[in-house]
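Single-structure report; data block below.
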Amino acid sequence: MSVLSYLQNRASGAVLSNTENNSISTSINTLRNRINSYFTSVSEHFQFGSSTRGTILPRIMDSRSDIDYMVVFNDPGYKPQAYLDRLKKFAEYYYSSSEIRQSSPTIILELNHIKFELVPALRVAWSSNYQIPNGTENWQFTNPNDFNSTLTAKNNNEKYLIKPTIRLVKYWNSQNGYVYSSFLFEKWIVDQSYFYCSNQRDYLFSVFDKLIISYDESQWRRDKVQRAKDIIAKVREYEKDNMPFSAESEVKKLIPE
């Protein structure tokens, strides 16, 4: 197997299985029905984030994989913590045997097979924007799905290799202690140019080539990025010397089996 075919196989395997998808779909439908039954002050609620972009990883590849779910309240005038408290009480009412906790601007509901991040929000009148918590006391503006179309367009224009590249890079990120924020890393990858890239190997290596190790970053992050760059340099060296088996063995240090 070549480096290219190995990376293609890992990228194609870095997606939710049918069983995982079906289980998550059932949980989402249950969550929707329970929100509709419990709240009278919610105008809309919907899934967003990596699970709607096709860049979510199976939990076996990323223990932090979750479903982002926005719950939009129609009674503005309160601090974010008030709405977070409502979501926590809702989760405790229906999911008392599950792990439930607040993580700053979200309520985390951890089921056996998936984790939900419930995000309270307020709709901004006459726009497609929402307000979501910025901490527990203040709000910030967002359009939760505006990045989806940007990513789709980029993926289409780049031989449909951006999404699988993102999945591979997110796997590397999760295996190395989350060097970068997952969402911000996705946006950064989409913002890059990929001249002369023609296959999965080229796109993946290009991402790491473009990473700049800033001296104001913590040392462990700098070490992780440098190690990735060193591995890729070694892979290229083996390829240049016509040593495909050594190159494949080396790239598995970057993207494990």
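If you read the sequence from its start, that first residue is 1, and numbering goes on from there.
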Verdict with reasoning, T142 to N129, per side chain to side chain donor-acceptor pair (under 3.5 Å): CA-CA 6 Å; T142 186; N129 290 328; over 6 Å; no
Test side chain to side chain donor-acceptor pair (under 3.5 Å) applied to S218 and R221, step by step: CA-CA 6 Å; S218 56; R221 287 187 168 89; 3.1 Å; yes
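Ring pair Y180/W172 is tilted by interplanar angle, where 30° to 60° counts as tilted.
More than 12 heavy atoms of other shown residues, nucleotides or ligands fall within 6.0 angstrom of atom CZ in F183. Heavy atoms of other residues, nucleotides or ligands lying less than 6.0 angstrom from CG of L184 number more than 12. The number of heavy atoms from other shown groups lying within 6.0 Å of CG (N29) is above 12.
Within the structure, side chain to side chain donor-acceptor pair (under 3.5 Å) contacts touching residues 114-127 (residues at least two apart or in different chains) are E44-R123, T106-E117, R123-Y130. For residues 24-38, there are no salt bridge (charged side-chain N to carboxylate O under 4.0 Å, His left out) pairs, not counting sequence neighbours.
Under the 4.0 Å criterion applied to side-chain N and carboxylate O atoms, E217 and R222 are not assigned as salt-bridge partners. For the pair R10 and E257, the salt-bridge criterion is not met [side-chain N within less than 4.0 Å of a carboxylate O]. Between E237 and K234 a salt bridge is recorded (basic side-chain N to carboxylate O distance below 4.0 Å). A salt bridge is absent between E92 and K89: the closest approach of a Lys/Arg side-chain nitrogen to an acidic carboxylate oxygen does not fall below 4.0 angstrom. A salt bridge does not link E250 to K252: none of the charged nitrogens lies less than 4.0 Å from a carboxylate oxygen.
Under the 4.5 Å side-chain contact rule for hydrophobic residues, V72 and L118 do not share a cluster. A continuous path of ILVMFWY side-chain contacts below 4.5 Å connects Y6 to M61, so both sit in one hydrophobic cluster. In this structure, L16 is not a member of the same hydrophobic cluster as Y171, with clusters built from ILVMFWY side-chain heavy atoms closer than 4.5 Å. Following chains of ILVMFWY side-chain contacts shorter than 4.5 Å, one can reach Y194 starting from F185, so the two form part of one hydrophobic cluster. A single hydrophobic cluster is not seen to contain both I56 and F48; linkage of ILVMFWY side chains at heavy-atom distances under 4.5 Å, directly or through other members, places them apart.
A donor atom on one side chain and an acceptor atom on the other are found under 3.5 Å apart for D62 and Y178. Of the N and O atoms on the side chains of S5 and S2, at least one donor lies less than 3.5 Å from an acceptor on the other residue. With 3.5 Å as the limit, one finds no donor-acceptor pair spanning the side chains of N74 and S41. A donor-acceptor pair shorter than 3.5 Å can be found between the side chains of E186 and T55.
Not a single donor-acceptor pair under 3.5 Å links the side chain of N134 to the backbone N or O of Q140. With K229 contributing its side chain and F208 its backbone, the two residues share a donor-acceptor pair below 3.5 Å. Without hydrogens or angle criteria, T26 side chain to N22 main chain gives a donor-acceptor distance under 3.5 Å. S51 contributes no side-chain N or O that, together with a main-chain N or O of D66, makes up a donor-acceptor pair within less than 3.5 Å.
A ring-centre distance under 6.0 Å is not found for Y238 and F245.
Applying the salt bridge (Lys or Arg N to Asp or Glu O under 4.0 Å) criterion to K224, with sequence neighbours excluded, gives no partner residue.
Among the candidates I100, I107, L109, V42, the single residue satisfying the side-chain contact (heavy atoms from CB on, under 4.5 Å) test with L87 is I107.
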